[in-house]
Enquirer: 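For reference, the structure I am asking about is given below.
Values below: all heavy atoms of this structure, side chains included; hydrogens, waters and symmetry mates excluded. Being a predicted model, the structure only gives us computed values, none of them experimental. For reference, positions follow the sequence shown, starting with 1.
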Amino acid sequence: MPNPCGTTIDEMKVLLHRAGVGFSEDRSGGLMIDGGPDDYLIEVDPVRGLRCLFGVDMEELRLLVSGSSNEDLGEDELQRVAREHLRPLFRRYQPIFASAGFEERVEVDPESYAIAFAKSIDGVSSTDVVEWVQWCRRAGRSGGD
């Protein structure tokens, strides 16, 4: 059954497999793909589109910052630390993704803080989506260098 992007996830899975791109499926039916050496995640979702996410796990960050102390950071302070932690990656990748037409967003929930570079796949063929995924993986390997 076609989804809003004019293709099916099943078609994209076949094309990704043929291209040698490993992926896993999330609970909502989207695909998750390893992005590269900076440990970012590429997501393909029929509704949210193509997203390249650079993020941190908030609980891991809380443990890293507070260590063995009993200091409990507030959510605002923890988000500020997460933003500062991701700033070098943002500076490195933002020009690459912006020049390719990706929009940047900050996505925050209780478990994670992420900078997302997103591109709509509405009306885009499976083949083109897979090409964009491969472009994102190459961008991750080049790291702006």
Enquirer: Hey, are the side chains of Asp76 and Arg80 touching, using non-hydrogen atoms and a 4.5 Å cut-off?
Expert: no

Enquirer: Could you walk me through whether Glu43 and Leu31 satisfy the side chain to side chain contact (heavy atoms under 4.5 Å, CB included) test, starting with their C-alpha distance in whole Å, then the side-chain angles of each, then the deciding distance to 0.1 Å, before giving a yes or no?
Expert: CA-CA 6 Å; Glu43 290 184 344; Leu31 305 176; over 6 Å; no

Enquirer: Quick one: closest heavy-atom pair of Leu50 and Val133, and the distance?
Expert: CD1-CG2, 3.9 Å

Enquirer: Could you walk me through whether Ser120 and Asp122 satisfy the side-chain hydrogen bond (donor to acceptor under 3.5 Å, both in side chains) test, starting with their C-alpha distance in whole Å, then the side-chain angles of each, then the deciding distance to 0.1 Å, before giving a yes or no?
Expert: CA-CA 6 Å; Ser120 173; Asp122 190 28; 5.2 Å; no

Enquirer: Check whether any side-chain heavy atom of Leu53 lies under 4.5 Å from a side-chain heavy atom of Glu107, and answer yes or no.
Expert: yes

Enquirer: If you take all heavy atoms of Ser28 and Asp45, which pair is closest and at what distance?
Expert: OG-OD2, 3.5 Å

Enquirer: With a 4.5 Å cut-off on side-chain heavy-atom distances among I, L, V, M, F, W and Y, is there a chain of contacts connecting Leu78 to Val106?
Expert: yes

Enquirer: Kindly say whether Ala100 contributes a backbone atom to a donor-acceptor pair with the side chain of Lys119 at under 3.5 angstrom?
Expert: yes

Enquirer: Do Phe102 and Met32 share a hydrophobic cluster (ILVMFWY, side-chain heavy atoms under 4.5 Å, transitive)?
Expert: no

Enquirer: Do NZ/NE/NH1/NH2 and the carboxylate oxygens of Glu103 and Arg105 come within less than 4.0 Å?
Expert: yes

Enquirer: In Å and rounded to the nearest 0.5 Å, what is the CE to CG distance from Met12 to Asp128?
Expert: 11.0 Å

Enquirer: Among the clusters formed by ILVMFWY side chains lying less than 4.5 Å apart, do Met58 and Leu64 turn up in the same one?
Expert: yes

Enquirer: Using every non-hydrogen atom in the two residues, find where Gln134 and Ala19 come nearest and quote the distance to one decimal.
Expert: NE2-CB, 3.2 Å

Enquirer: Testing the basics here: between Tyr113 and Gln79, what is the closest heavy-atom pair and its distance to 0.1 Å?
Expert: CE1-O, 3.9 Å

Enquirer: Output the distance between atom CD (Glu131) and atom SG (Cys136), rounded to the nearest 0.5 Å.
Expert: 12.0 Å

Enquirer: For Phe90 versus Pro95, what's the shortest heavy-atom pair and its separation?
Expert: O-CD, 4.4 Å

Enquirer: Do the non-hydrogen side-chain atoms of Arg51 and Ile42 ever get within less than 4.5 Å of each other?
Expert: no

Enquirer: Roughly how far, to the nearest 0.5 Å, is the CH2 atom of Trp135 from the SG atom of Cys52?
Expert: 7.0 Å

Enquirer: Leu61 and Leu41: same hydrophobic cluster, using ILVMFWY side-chain contacts below 4.5 Å?
Expert: no

Enquirer: Is the centre of the Phe117 ring less than 6.0 Å from the centre of the Phe97 ring?
Expert: yes

Enquirer: Taking Glu75 first and then Arg62, would you say they form a salt bridge - that is, a charged N and a carboxylate O separated by under 4.0 Å?
Expert: yes

Enquirer: Assess the pair Tyr93 and Phe54: is the distance between their ring centroids shorter than 6.0 Å?
Expert: yes

Enquirer: Group every Ile, Leu, Val, Met, Phe, Trp and Tyr by side-chain heavy-atom contacts under 4.5 Å, then state whether Leu15 and Val21 land in the same group.
Expert: yes

Enquirer: Search all heavy atoms of Gly49 against all heavy atoms of Ile121 and return the closest pair with its distance.
Expert: CA-CG1, 3.7 Å

